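None of the values given here were measured: they were computed from a predicted structure. Each residue takes its place number in the sequence, starting with 1.
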Amino acid sequence: QVQLVESGGGLVQPGGSLRLSCVASGSPFGVGDMGWYRQAPGKQRELVASISRGGTIAYADSVKGRFTISRDNAKNTVSLQMNSLKPEDTAVYYCNLENLEVFGSSSRYWGQGTQVTVSS
């Protein structure tokens, strides 16, 4: 059974940095697309950044130039380096991945979420 373990959240001052990591286990056929989402209180969950198995990357306009997503296919790991953090980045961040299965099928899974708070 696929499980995701997230780490790296915390409290930082505006302009600070954090690095989030997500490790997938129980995926014998590998991992396809991966991404990071976030949800602030009273708001909908939104895509922050995504990266395909082949390395194609997309960012939300609000984080371009500040955040960097990367992955290690050998370790089934996806990371999000967050620099120049702003108070509006405060949210619970969730890892999401596509689990590859037999005969070309796949399923999507979510991490438990990690809190990122940007405040002075």
Side-chain angles (χ1 to χ4, degrees):
Q1 187 171 0
V2 176
Q3 294 184 338
L4 305 181
V5 179
E6 298 176 335
S7 62
L11 172 64
V12 298
Q13 295 183 345
S17 298
L18 286 174
R19 184 176 179 85
L20 306 182
S21 295
C22 177
V23 181
S25 63
S27 182
F29 298 101
V31 175
D33 297 345
M34 293 184 173
W36 287 95
Y37 291 72
R38 67 186 181 187
Q39 187 168 21
K43 297 184 178 180
Q44 293 183 304
R45 187 173 298 185
E46 64 176 352
L47 176 66
V48 176
S50 65
I51 182 169
S52 73
R53 184 172 180 83
T56 300
I57 295 174
Y59 295 102
D61 288 340
S62 60
V63 306
K64 287 182 178 178
R66 299 188 297 119
F67 292 8
T68 302
I69 190 171
S70 61
R71 66 185 292 165
D72 185 334
N73 289 334
K75 299 179 179 179
N76 290 335
T77 300
V78 62
S79 299
L80 185 69
Q81 178 66 46
M82 304 185 294
N83 298 325
S84 301
L85 284 163
K86 304 175 181 179
E88 51 262 43
D89 294 319
T90 296
V92 177
Y93 284 70
Y94 297 90
C95 176
N96 178 265
L97 66 78
E98 175 190 26
N99 179 48
L100 302 180
E101 301 171 347
V102 295
F103 306 120
S105 62
S106 65
S107 299
R108 302 201 70 86
Y109 292 84
W110 293 92
Q112 79 284 357
T114 183
Q115 177 70 48
V116 172
T117 302
V118 185
S119 176
S120 59

*Asks:* Hey, could you give me the OG/CG distance between S105 and N99, rounded to the nearest 0.5 Å?
*Replies:*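 Answer rounded to 0.5 Å: 8.5 Å.
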
*Asks:* Would the distance check show the side chain of R53 and the main-chain N or O of N73 forming a donor-acceptor pair, the cut-off being under 3.5 Å?
*Replies:*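 No: the side chain of R53 does not pair with the backbone of N73.
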
*Asks:* Could you measure the distance from the CG atom of L97 to the OG1 atom of T77? Nearest 0.5 Å is fine.
*Replies:* 10.5 Å

*Asks:* Hey, does the side chain of Y59 reach the backbone of I69 with a donor-acceptor pair shorter than 3.5 angstrom?
*Replies:* yes

*Asks:* If only atom types and distance count, is the side chain of Q3 paired as donor or acceptor with the main-chain N or O of S25 below 3.5 Å?
*Replies:* no

*Asks:* Please say yes or no: joined through hydrophobic side-chain contacts below 4.5 Å, possibly via intermediate residues, are V78 and V2 part of one cluster?
*Replies:* yes

*Asks:* What are the two closest heavy atoms between R66 and S84, and how far apart are they?
*Replies:*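 The pair with the smallest heavy-atom distance is NH1-O, 3.0 Å.
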
*Asks:* Verify, without hydrogens or angle tests, whether N96 (side chain) and Y109 (backbone) share a donor-acceptor contact under 3.5 angstrom.
*Replies:* yes

*Asks:* Establish whether W36 and V118 are linked, either directly or via other cluster members, by ILVMFWY side-chain heavy-atom contacts under 4.5 Å.
*Replies:* yes

*Asks:* When hydrophobic residues are tied together by side-chain contacts of less than 4.5 Å, even through go-betweens, does V31 share a cluster with W110?
*Replies:* no

*Asks:* Working to the nearest 0.5 angstrom, can you tell me the gap between T68 OG1 and L80 CG?
*Replies:* 8.0 Å

*Asks:* Measure across S62 and R38 and return the closest heavy-atom pair with its distance rounded to 0.1 Å.
*Replies:*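 Distance-wise, the nearest heavy atoms are OG-NH2, 3.4 Å.
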
*Asks:* Cluster question for you: counting only ILVMFWY and a side-chain heavy-atom cut-off of under 4.5 Å, with indirect links fine, are M34 and Y94 together?
*Replies:* no

*Asks:* For residues L18 and F67: do they belong to one hydrophobic cluster (side chain heavy atoms under 4.5 Å, members Ile, Leu, Val, Met, Phe, Trp, Tyr)?
*Replies:*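 Same cluster: L18 reaches F67 through Ile, Leu, Val, Met, Phe, Trp or Tyr contacts under 4.5 Å.
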
*Asks:* So which atom in V92 and which in Q115 form the shortest heavy-atom distance, rounded to 0.1 Å?
*Replies:*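 Scanning both residues completely, I find the closest heavy atoms to be CG2-OE1, 3.3 Å.
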
*Asks:* Identify the heavy atoms of M82 and Y93 that sit nearest to each other, and give their distance.
*Replies:*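 Taking M82 first and Y93 second, the nearest heavy atoms are SD-CE2, 3.9 Å.
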
*Asks:* Could you give the distance from CG (D89) to OG (S119), rounded to the nearest 0.5 Å?
*Replies:* 12.5 Å

*Asks:* So K64 and D61, salt bridge (Lys or Arg N to Asp or Glu O under 4.0 Å) or not? Walk me through it.
*Replies:* CA-CA 5 Å; K64 287 182 178 178; D61 288 340; 3.1 Å; yes

*Asks:* Can you name the nearest heavy-atom pair linking R45 to Y37, along with the distance?
*Replies:* CG-CB, 3.8 Å

*Asks:* Surrounding CD of Q1 (heavy atoms of other residues, nucleotides or ligands, distance under 6.0 Å), is the total greater than 12?
*Replies:* no

*Asks:* Please report the closest heavy-atom contact between S79 and S21, naming both atoms and the distance.
*Replies:* OG-OG, 3.5 Å

*Asks:* What disulfide (SG to SG under 2.5 Å) pairs are there with at least one residue in residues 21-120, not counting sequence neighbours?
*Replies:*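 Residue pairs with at least one partner in residues 21-120: C22-C95.
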
*Asks:* So, Q81 and S70: side-chain donor and acceptor under 3.5 Å apart, yes or no?
*Replies:* no

*Asks:* Any chance you could measure S50, atom OG, to I57, atom CD1, to the nearest 0.5 Å?
*Replies:* 8.5 Å

